[in-house]
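For the numbers below, each heavy atom of this structure counts, side chains included, while hydrogens, waters and symmetry mates do not. First listed ligand is number 1; within each ligand, the first listed atom is number 1.
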Amino acid sequence: MRAWILSIAGFALFVQSLPGAEDGPRRGKPEQVRALAKRLLVAALSGDKKPTSAVKQPAHPLDPLSATEMATAVDMLRRDRKLAQSFRFVSCTLDEPDKALVLAHRPGQEVPRRAFLVLLDNATGIGHEAIVDLAKRAVVRFAALPKGIQPAIMLDEFGECEEAVKKSPEFLAALKKRGVADASLVMVEPWSAGNYGTEPAADKGRRLMRALCFVRSEPRDNGFARPLDGVVVIVDLNTMKVIRIEDYGVTPLPPEAGNWARDYIPKMRGGLKPIDIVQPDGPSFTVTGNEVRWQNWRFRLGFTPREGLVLHTVGYNDAGTFRSILYRGSITEMVVPYGDPGEQYYRKNAFDIGEYGIGTLVNSLQLGCDCLGSIRYFDANYLDSRGKVITLKNAICLHEEDAGILWKHTDWRTNQTEVRRSRRLSASFIATVGNYDYGFYWHFYQDGSLQCEVKLTGIMNTTALKPKEKSAYGIEVAPQLNATFHQHIFAARLDMAVDGLKNSVQELNTARVPRGPDNPHGNAFRASATLLANEKQAMRATRSDTARFWRIINPHSKNRLGTPVGYRLVPGENSPTFVQPDAAVMRRAGFAAQRLWVTPFQRDEKYPAGDYPNQHPGGDGLPRWTAANRKVADTDVVAWYVFAHMHVPRPEDWPVMPVASIGFALRPDGFFARNPALDVPPVK
Ligand code: NI
């Protein structure tokens with residue numbers, strides 16, 4: 001034992017000498033090293049022979065779990081609960097500490113580290129939640145979820161499901177009926193089964209996928225060009241067996257291929273001369289651990305397997321004073337309803353975040369990045385379903401871009417011109433969800449604006465048409481190939497902190513003033529602000545005919561003009577949700593009934609369709625929480641902005657869709673005394 005303790009002390013000194021150990025706030029902190037040595041000592045004395053240097057003290061309470069922390073959590077849970085092989089790991093995330101603790105944290109202080117895990121026991125079909133305290137090395141919670149609650153679909157299940165389908169004799173018979181000889185060319189697209197109330201009784205309580213199929217003409221072909229219409233394969237994911245094939249009749253495969261890769265393009269266009277983005281002195285941002293500083297902005301980057309990139313503690317250095325704006329921001333749910341009522345199609349509704357975990361579908365930008373210039377990448381960790389840590393290299397991209405003009409004026413009398421170029425800092429990731437690719441970008445600007453942009457690209461989900469058939473619910477994008485009308489509905493969770501936690505939300509509408517003594521010439525119009533005082537009042541739609549936007553203010557912090565400081569929530573492109581309000585999908589996607597919701601902050605209210613939307617009967621999330629109609633004025637508020645891209649497909653969206661872009665912005669509104677970007681220097 002003594003030798004072991006001595007080696008621990010030696011190891012602690014070694015850790016101190018590591019280059020990485022000198023990063024950021026750990027620099028020159030002997031108490032940190034002592035704390036580490038103490039923990040190692042406790043571990044050794046408790047009979048734990050594994051060197052647990054593993055649980056290295058991170059720099060900040062919001063740092064995402066390291067690979068070692070995740071592995072430790074899995075290991076502890078397995079040993080403590082003697083988990084059978086039938087347990088699969090759905091997710092492992094930092095259990096974010098309370099706000100008060102985070103805000104009081106100072107560099108060098110020890111921080112609580114707790115891992116939140118979701119598991120599924122394939123043997124019983126029961127989901128579980130667990131919390132592992134990594135510092136105390138204890139499983140502090142392990143609880144079964146109610147029967148019927150299905151954790152999110154795991155990435156591994158996709159591959160296993162495809163394999164199970166291709167082995168099924170009933171499926172091979174359905175292929176034969178359609179003249180498809182080679183099952184290896186079949187592409188199986190597992191879709192979440194949802195919950196529509198129309199399922200056969202035998203489906204109840206089962207963990208299911210509905211697989212749609214496509215047939216490639218050769219192994220590298222774009223499968224979506226040739227949907228195998230009429231066949232839906234229902235797979236039980238716990239037993240990984242096909243339980244049923246739904247056959248809606250034979251439709252021939254569309255005749256054309258739809259390939260986009262470079263080797264399929266016979267001749268590339270010419271005439272392009274190089275544009276080089278060169279940053280000879282490097283980028284203008286600095287990164288310490290997960291903290292980013294750039295042009296008065298300061299924030300932290302986080303990552304979860306469910307949401308992907310998360311922004312934490314975003315604020316702006318205003319003449320030497322750090323002022324908070326946003327405590328936490330992420331795109332926290334999305335749903336893609338398809339509009340075709342056909343028996344085969346009405347269940348096509350994907351919750352790409354809540355059902356699939358978009359963070360596990362993130363592209364490694366080692367394979368290719370759309371950005372130019374000096375780029376800083378961040379890796380991301382998540383678990384595969386067997387509890388192995390996957391480290392995705394280059395998951396998040398951070399870089400600067402020229403963003404056109406920032407401001408300009410020409411005084412023709414004095415012949416004086418001042419112009420400034422705008423630059424923005426973008427933090428982004430790209431996720432591929434089956435056929436579709438989504439780029440999520442948070443752009444920071446020098447004038448204090450923060451913009452969220454989602455770029456939609458990839459391949460549309462398609463169905464086959466019989467010769468001369470037209471669909472009333474889609475557009476023919478290639479011969480006999482239909483792309484269904486659909487929407488991509490995103491929900492941003494914006495835990496606002498404008499100059500502190502106590503905020504209120506106002507709605508601004510502009511209206512004509514009625515003709516009368518106050519408006520004799522008919523020219524009068526004005527904008528007026530209305531306080532959204534409770535949750536019911538704060539369920540709002542967007543309106544272009546009143547130029548509607550919202551403003552998050554701090555009633556206790558006034559600017560020099562005596563008005564409360566604020567940030568404006570500026571909607572971008574949006575559309576209402578077009579499915580009927582009582583359609584089955586809306587029971588789960590109730591958040592999509594509004595475009596703005598405001599709730600008082602509650603630690604557990606994170607996901608607008610609830611924690612477990614997969615096959616959920618519905619009613620959870622924002623509709624449930626807001627039924628209490630809580631007060632949302634002058635309190636710690638969360639604004640939920642819902643934005644929908646209505647996709648009316650075009651032939652030009654085939655075979656791969658040029659980027660469509662949607663989003664919103666947060667812009668200072670009385671937050672600063674004047675244009676905060678006057679001090680941006682001219683280029684020359
Ligand atoms: Ni689309």
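- Using modelled atom types and a 3.5 Å distance limit, the side chains of T463 and N482 yield a donor-acceptor pair.
- Sorting the N, O or S atoms of H486 by how far they are from the Ni ion (ligand 1) puts NE2 first.
- The minimum heavy-atom distance between C161 and L237, with the atom names listed, is CB-CD2, 4.2 Å.
- None of the N, O or S atoms belonging to Q487 lies under 2.8 Å away from the Ni ion (ligand 1).
- N461 and T484 are not linked by any side-chain donor-acceptor pair at a separation below 3.5 angstrom, with hydrogens and angles left out of the test.
- Each of F643, Y438, F351 was scored for a ring pair (Phe, Tyr, Trp, His ring centres under 6.0 Å) with H488, with one residue passing: Y438.
- The distance from the Ni ion (ligand 1) to the nearest N/O/S atom of H645 is not under 2.8 Å.
- Counting just the N/O/S atoms of H647, the one with the shortest distance to the Ni ion (ligand 1) is named ND1.
- Using a 4.5 Å heavy-atom cutoff, the side chains of V233 and V188 are not in contact.
- The Ni ion (ligand 1) lies closest to atom NE2 when only the N/O/S atoms of H488 are considered.
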